[in-house]
Amino acid sequence: MCTASASNKRKLFKTPIKIILVFYANLLFALPSSAGVTADTAGLKTWVHGNNYEINATGPVADNKVRASSFYEVRVSRVADPENYFDSFTYMSIPRSGRAKWLYSDADGDYGVDGAEFADQADLSMSWSSFLFGEDVWVEVSLRNGETFSSVSDVTIRPTVLNFVKEKMDADTIRIKVPYSSNGRRFSVEFNHQLYTAYNDKTQGDSGKLTTVAAGNYEVHTEPKNALLIFAEPIALPDYLTPDLSAAQTDGVVYEHPPGEIVNLNEVAADIIYFPPGIYYMRWDYHAKLPARVKWLHLAPGAYIKGAFQFTDSVQEEYKVTGYGVISGEKYVYEADTKNDYKRRLQHNSNCHGDCVKMLQFEASGEQQYLYMRGITLNEPPYHSFVVYPKPGNSEETDLEAFSMRVKNYKQVGSWYWQTDGMELYSNSYMKNSFFHANDDVIKLYHSNLDIDNTVIWKGENGPVIQWGWKPRSFENVSVTNTYVIHNRMGWNDKKYNTCVFNASRHWASDSMESGDITKTIKNISFDNFIVEGKTNCGIRIYAMANTENIHFNNVSIDGWNELDATGTVSEFFPMTNSADIPVAIGNELINSRGIKLENFKVAGEYISRAANNWNSLQLGKLNFDGALWDNWNAWVSADMSSSYSNIWLAGGFTNWSLVPMSFQQGNFNITLPLSTGSHQLKFANSSNWSAIDWGNTSGLQGQATQSTGGLANLSFTINHAGDYTIRFNPDTGNYYIYKL
């Protein structure tokens with residue numbers, strides 16, 4: 001119920017908290033507004049955890065408690081009712097969840113390193129608060145521990161392109177106006193007094209080590225010491241992602257797990273496992289191996305699960321992981337190896353990829369499957385957060401290409417360890433409206449026909465932002481749009497093969513120049529509207545192990561380079577060879593296509609182009625590309641983002657061949673329509689009466705349409721699952737993409 005006004009709430013909760021915290025500054029426990037009043041309406045939903053929390057910035061919390069932020073409190077109000085604020089629980093993550101290294105130490109050399117060393121020594125933390133909204137809201141953030149700020153100019157919202165309205169309420173409280181979006185909003189709230197700078201200390205050979213000491217060291221990046229993230233998500237899930245809990249309880253379709261310890265889910269006789277609001281925990285030496293019947297995990301808002309889930313059989317056509325709850329790996333050690341009793345992997349076992357605990361693990365069948373993942377937050381992964389394996393005995397090329405993913409409003413936080421990768425999407429998948437805090441490869445592009453849009457990224461020191469290397473492979477037709485890298489600590493001072501914003505690393509097993517495969521091809525990859533805030537180490541390192549064609553960077557903006565040596569900051573583009581010393585092909589002369597195209601590539605506010613001669617390794621662009629590839633890349637500045645065509649229409653059997661207008665956005669024309677299962681045909685046209693040009697003459701859900709004026713073939717495609725589909729078309733290139741929402 002919505003009760004209590006904002007003015008009353010500030011009197012009842014906020015002022016006593018300050019007094020308690022100042023008086024007991026060294027204690028772990030205090031009364032946050034988390035125990036206050038919540039909203040549950042069509043316009044706003046917030047949640048708290050009663051008294052089941054700990055304010056603890058140094059050590060593990062009890063199994064039946066969650067860690068509340070030691071630094072921030074968050075409340076939310078509707079703009080239509082701005083004086084009535086409601087509490088939104090503010091969680092917090094700290095490195096290793098406050099544990100020391102267990103059964104390994106700094107004395108063990110490389111084996112003793114887990115990637116969380118700097119974050120732990122620098123006392124970093126990451127707080128976040130989630131709520132659901134259906135209208136414009138005010139988000140009120142209050143500092144704890146007696147901290148204050150002077151003016152709204154002391155507070156930055158990232159991504160900065162959001163440009164939200166900020167208002168100072170008093171010495172320790174700011175409110176931020178968050179306009180409603182059906183895509184949700186994910187952003188960082190940063191106070192100037194919380195900022196620190198990481199430096200490279202030039203030790204450990206050429207790589208160096210991160211430190212907070214400025215004197216004599218290289219500046220790497222500035223970010224908040226105690227981060228605060230706000231996740232405002234759309235209040236309603238679509239019907240097909242909302243289980244009918246009341247009707248299904250009686251026939252065993254749904255198993256509702258009560259809050260408390262999760263002892264054994266390995267024999268649940270239900271299709272759906274539902275977790276109501278509450279705190280759940282598994283043992284540190286157990287993760288759930290779900291039986292074949294289970295195909296859906298649904299987490300209510302306010303459900304917080306300490307554990308991990310493995311779907312052990314691949315019989316389901318559709319899997320779903322939905323809801324706005326949290327799955328946390330805080331109880332697991334780094335590289336928790338199931339073959340070593342969930343302890344850290346043994347030192348002689350250099351790779352436990354197949355056996356280490358993943359937060360979510362699936363097995364593909366080789367038949368067409370779909371995974372719907374919507375709304376969840378993953379906290380403190382001990383290793384890769386998400387992975388899909390082929391059926392035992394099968395290959396990735398057969399099984400994973402048929403495992404299509406539909407990911408929206410996904411969040412990953414507290415990724416302190418190395419190997420806490422982001423997301424790998426398999427063929428014919430999309431991911432939209434997501435946030436990643438990751439300390440390894442964030443977005444992995446290894447498969448065809450991918451659409452990734454509206455991603456906010458906070459990058460740790462290990463690995464790149466975008467990765468499509470590690471071994472030779474073939475894939476095509478990948479679109480990555482509207483990406484915002486708000487922070488990163490990539491700070492190695494020597495030349496690493498797996499770093500920079502964009503990366504195709506050398507082979508995972510060997511740095512040999514002879515790891516190329518001239519039978520494989522990567523082509524038609526586009527990055528549009530890609531913004532990197534703050535200083536970064538380098539832009540692009542591509543060690544092409546496959547033929548590479550039409551990698552298009554369009555409207556990429558990087559605030560600037562950090563202070564590392566040239567070996568750490570230059571971009572590279574290099575073709576690998578096969579064992580016969582034959583290099584992979586870069587570009588395609590037959591269709592006049594280059595390998596890399598940099599259009600509107602900007603560094604420190606300046607466009608980088610060949611015409612301006614500011615591209616090379618000694619200039620602002622820092623593009624140290626192989627000289628033999630001079631004719632296979634280009635950098636230029638286009639006039640604008642407009643299209644050569646003012647209007648585009650679409651017609652198909654599903655419109656009774658009536659031409660309907662498409663809308664224009666960032667160089668593409670788009671329309672969303674319901675499509676039924678089965679075969680379909682369509683054409684695009686630049687007139688409303690078939691009097692000019694039309695396009696078709698191809699097939700598939702993604703590809704390149706060609707002009708078909710004069711009665712040439714339509715564009716044909718097949719839909720396997722009915723639903724709302726977006727159809728995207730660029731008439732200047734002919735590229736199109738049809739994907740399910």
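Comment: R489 engages E461 in a salt bridge, judged by a side-chain N to carboxylate O separation of less than 4.0 angstrom. Salt-bridge annotation for E233 and K411: present, with a side-chain N of the basic residue lying under 4.0 Å from a carboxylate O of the acidic one.
Side-chain contact annotation: N697 with S708, donor-acceptor N/O pair under 3.5 Å absent. A donor-acceptor contact under 3.5 angstrom links the side chains of K496 and S207, judged on distance only. At a cut-off of 3.5 Å, with distance as the only test, a side-chain donor of N614 or E606 sits close to an acceptor on the other residue. A donor-acceptor contact closer than 3.5 angstrom links the side chains of T222 and T197. Between the side chains of D565 and N493, at least one donor N or O sits under 3.5 Å from an acceptor N or O. At a cut-off of 3.5 Å, with distance as the only test, a side-chain donor of S638 or E599 sits close to an acceptor on the other residue. Side-chain contact of E190 with H487: a donor-acceptor pair under 3.5 Å is present, judged by distance alone. For the residue pair N714 and S716, no side-chain donor N or O sits within less than 3.5 Å of a side-chain acceptor on the partner. Between the side chains of D732 and S644, at least one donor N or O sits under 3.5 Å from an acceptor N or O.
Cation-pi geometry between K202 and Y218 is satisfied (NZ or CZ under 6.0 Å from the ring centre, within 45° of the ring normal). The cationic group of R473 lies under 6.0 Å from the six-membered ring centre of Y446 and within 45° of the ring axis, placing it in a cation-pi geometry. In this structure, R610 forms a cation-pi arrangement with W633, its terminal cationic atom sitting closer than 6.0 Å to the ring centre and no more than 45° off the ring axis. Judged by the 6.0 Å distance and 45° axis criteria, R506 is not positioned over the aromatic ring of W470.
Taking the six-membered ring for Trp, Y607 and F601 have ring centres at least 6.0 Å apart. For an aromatic pair to be called close, the ring centres must be under 6.0 Å apart, and F530 with F502 satisfies this. Outside the 6.0 Å centre-distance limit, the rings of F669 and F729 are not counted as a close aromatic pair. Ring centers of F654 and H680: under 6.0 Å apart, within the cut-off. Within the 6.0 Å centre-distance limit, the rings of W630 and W615 are counted as a close aromatic pair. For H447 and F475, the ring centers sit 6.0 Å or farther from each other. Taking the six-membered ring where the residue is Trp, the centroids of F435 and Y410 are separated by 6.0 Å or more.
Within a 6.0 Å radius of CH2 in W508, no more than 12 heavy atoms belonging to other residues, nucleotides or ligands are found.
The two residues A651 and W690 have their closest heavy-atom pair at CB-CZ2, 3.6 Å. Pairing each heavy atom of S515 with each of H507, the nearest pair is CB-CB, 3.9 Å.
Looking only at distances, no side-chain donor or acceptor of N730 sits under 3.5 Å from a matching main-chain atom of G734. Counting only distance, with no hydrogens or angles, the side chain of N547 and the backbone of K520 share a donor-acceptor pair below 3.5 Å. Between the T698 side chain and the A705 main chain, no donor and acceptor come within less than 3.5 Å of each other.
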side-chain contact (heavy atoms from CB on, under 4.5 Å) evaluation trace for I486 with T160: CA-CA 8 Å; I486 60 173; T160 54; over 6 Å; no
K432/D451 under salt bridge (charged side-chain N to carboxylate O under 4.0 Å, His left out): CA gap, chis, key distance, verdict: CA-CA 8 Å; K432 299 177 182 295; D451 183 36; 2.8 Å; yes
Residue pair N428, N449: steps toward the side chain to side chain donor-acceptor pair (under 3.5 Å) verdict: CA-CA 5 Å; N428 304 305; N449 304 327; 2.9 Å; yes
Pair N482-T455, side chain to side chain donor-acceptor pair (under 3.5 Å): steps then yes or no: CA-CA 7 Å; N482 302 314; T455 311; over 6 Å; no
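Remark: of the listed residues K444, Q412, Q467, K444 is the sole one forming a side-chain hydrogen bond (donor to acceptor under 3.5 Å, both in side chains) with D421. Exactly one of T481, N433, T483, N529 qualifies for a side-chain contact (heavy atoms from CB on, under 4.5 Å) with N454. That residue is N433. Partner W695 forms a side-chain contact (heavy atoms from CB on, under 4.5 Å) with one of T709, T706, I648, L715 and no other, that one being I648.
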